[in-house]
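In what follows, a structure is listed as structure tokens, so that the remarks can point back to it.
Whatever order the structure lists ligands and atoms in, that order sets their numbers, starting from 1. In this chain, residues are counted from 1 in sequence order.
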Amino acid sequence: MPQELQGFVPPTTPATSAHAPGTLVDKYGRHITYIRLSITDRCDFRCFYCMAEEMEFLSREQVLSLEECLRIARTFTGMGVTKVRITGGEPLVRRNAMWLLRQIGRLEGLKELVVTTNGSQLDRYAAEMRDAGVKRVNISLDTLNAERFKAITRVGDISKVLRGIDAARAAGFSGIKLNTVMMRGENDDEFCDLVQFAVDKGIDISFIEEMPLGTVDHPRADTYFSSDDAMALLRSHFELVSSAESTGGPARYWRIPGTETKVGFISPHSHNFCDSCNRVRITCKGELYPCLGQNDALALMPVLRGNPGDDAPLRQAIVDSMGIKPKGHDFNEQMQNPKVVRFMSMTGG
Ligand code: SAM
Ligand code: SF4
């Protein structure tokens, strides 16, 4: 363990009844049991649907320290959150990310620690992540073609990701899922191959409708590919049997009989899932976004840094954030008139 992090114990003050588990309920009655915590805005890829080619990244002081990330996770789990997803940017490029995973993995009340990654560092970290208590891992993969992979990610090397997928399998994760963003004219000719790849590896795959987050070089309305169209396409090659299984996220799942593979669809445009939203997102700047698709946020950094020995103000701020959780996003409207300027890499997908 790095010396600077040795023996770190974040402050804990007893929860009052106003902050006890079960108090995270928004004004529409939705219980918040899941946080997505982005631990960096940096990434070793530049996927063209996620980031601009030239990105300005935050300075070290603007970003939550790992101790602050842990304090946030601990405070939420003390208030009834049972699932934490670590994301980014690319979470595995953050220095000492394994220390954080290990600490979060031990939190009382936590049922599931999961990670979303581009897979580029998994070859190195998969075994350590599993040992740290990570239950499942989502790995982004939009194509199987090396040249296309380089074009989509602008810089990425697919062979590292493929090695990372195998390292995750070898590490024995029970839930490995590929995430594929669907883009008309970019990768829609590969959906069947990607599913076959998942079948061959004995893992799951989810197809995601592209969301209008941040200004990118292409008109998103042109590349939009709906889950229903993808389903029709896949059905010409695979038998898909509807499944009631859920991983506590927005995906709807289908099984391919005779295989280990579940195929999921995350359809923010065509099958809005806001009514059952159970999560909030925290950026690496410590902003709490109650909705991925809106601009309302609450800054936790001043609360954290202003009250180093007392978690009560942090708990109160989190309870207050329930009041600004909107009913839902309006991505369909935003496809034509984008209003969320921050990139997905900033909010944390
Ligand atoms: N770097 C990691 C990765 O790529 O998995 C974690 C962060 S990334 C922002 C999380 C997920 O968001 C990835 O699966 C990525 O494909 C997806 N994503 C990024 N921009 C998106 C967009 N505009 N619409 C839909 N999904 C997007
Ligand atoms: Fe990086 Fe993930 Fe965004 Fe690609 S999708 S640029 S890998 S954060």
Side-chain angles (χ1 to χ4, degrees), residues 36-55 57-58 85-94 97 114-122 125 129 134 136-143 149-158 160-161 164-165 168 176-184 186-187 194 204-227 230 249-251 264-270 273 279 281-284 289 292-293 329 331-332 334-335 338 340-349:
R36 292 187 171 213
L37 180 57
S38 170
I39 62 170
T40 181
D41 61 328
R42 289 169 193 257
C43 185
D44 50 348
F45 293 174
R46 297 283 184 277
C47 302
F48 71 68
Y49 53 81
C50 173
M51 282 190 182
E53 191 157 11
E54 300 296 327
M55 287 292 287
F57 294 108
L58 298 168
R85 177 176 301 281
I86 299 298
T87 180
E90 174 47 42
L92 301 184
V93 301
R94 174 89 193 244
V114 291
V115 171
T116 300
T117 171
N118 66 22
S120 68
Q121 313 293 315
L122 271 178
Y125 289 124
M129 284 165 63
V134 174
R136 290 184 293 114
V137 52
N138 287 357
I139 307 169
S140 298
L141 187 68
D142 302 318
T143 175
F149 186 85
K150 178 140 277 165
I152 291 177
T153 59
R154 293 194 179 108
V155 288
D157 172 2
I158 197 171
K160 279 168 88 178
V161 177
I165 293 169
I176 300 174
K177 186 174 75 155
L178 301 178
N179 274 344
T180 301
V181 176
M182 300 181 283
M183 292 168 288
R184 190 173 294 281
E186 300 289 346
N187 65 352
L194 283 157
D204 297 331
I205 180 165
S206 276
F207 290 92
I208 307 174
E209 290 177 350
E210 188 180 352
M211 295 174 240
L213 301 170
T215 308
V216 288
D217 296 339
H218 63 284
R220 299 208 197 249
D222 291 359
T223 44
Y224 173 66
F225 201 102
S226 76
S227 296
F265 291 94
I266 301 177
S267 322
H269 296 272
S270 59
F273 38 78
R279 75 210 53 191
R281 292 174 159 82
I282 298 107
T283 69
C284 62
Y289 280 95
L292 177 64
H329 64 71
F331 280 145
N332 287 338
Q334 289 184 45
M335 214 58 165
V340 175
V341 292
R342 60 183 193 282
F343 290 105
M344 182 71 126
S345 58
M346 187 62 223
T347 320

Margin query: Checking side-chain polar atoms at under 3.5 Å, does Ser270 have a donor or acceptor matched by the opposite partner on Glu209?
Written below: yes

Check: Judged by non-hydrogen atoms, does Arg220 sit under 4.0 Å from ligand 1?
Finding: yes

Note to self: Need the ligand 1 atom indices (1-based, order shown) with element for anything under 4.0 Å from a heavy-atom of Val181.
What the structure shows: 16 (O), 26 (N), 27 (C)

Next item on the list: State whether a side-chain donor-acceptor pair under 3.5 Å links Thr117 with Glu90.
Entry: yes

Margin query: Which of the numbered atoms in ligand 1 are under 4.0 angstrom from any heavy atom belonging to Gly89?
Written below: 1 (N), 2 (C), 6 (C), 7 (C)

Next item on the list: May I ask you to check if ligand 1 and Thr116 share an N or O to N or O distance below 3.5 Å?
Entry: no

Notebook entry, point to check: Ignoring water, what protein N, O or S atoms are under 2.8 Å from atom 3 (Fe) of ligand 2?
Noted result: Cys50 SG

Next item on the list: Let me see the working for Asp142 and Glu186 under side-chain contact (heavy atoms from CB on, under 4.5 Å), right down to the final yes or no.
Entry: CA-CA 9 Å; Asp142 302 318; Glu186 300 289 346; over 6 Å; no

Margin query: Please check: side-chain N/O of Arg220 versus main-chain N/O of Tyr49, any donor-acceptor pairing under 3.5 Å?
Written below: yes

Check: Going through the checks in order, is the side-chain contact (heavy atoms from CB on, under 4.5 Å) test met by Leu92 and Asp44?
Finding: CA-CA 10 Å; Leu92 301 184; Asp44 50 348; over 6 Å; no

Notebook entry, point to check: So His218 and Phe48, would you call those rings parallel, tilted or perpendicular, with 30° and 60° as cut-offs?
Noted result: perpendicular

Next item on the list: Report yes if some heavy atom in the side chain of Cys284 is under 4.5 Å from a heavy atom in the side chain of Ile39; otherwise report no.
Entry: no

Check: Which of these, Glu90, Met211, Arg36, Lys177, has its nearest heavy atom closest to atom 25 (C) of ligand 1?
Finding: Met211

Item checked: Ligand-residue contact atoms, ligand 1 with Glu209, heavy atoms, under 4.0 Å -> 25 (C)

Check: Going by the atom numbers of ligand 1, which of them fall below 4.0 Å from some non-hydrogen atom of Thr117?
Finding: 2 (C), 3 (C), 5 (O)

Checklist line | Those atoms of ligand 1 less than 4.0 Å from some heavy atom in Thr87 | finding: 6 (C), 7 (C)

Item checked: Asp142 N/O to ligand 1 N/O under 3.5 Å -> no

Notebook entry, point to check: Under 3.5 Å between some N or O of ligand 1 and some N or O of Glu210?
Noted result: no

Checklist line | From the candidates Ser120, Ser140, Gly156, the one that places a heavy atom nearest atom 15 (C) of ligand 1 | finding: Ser140

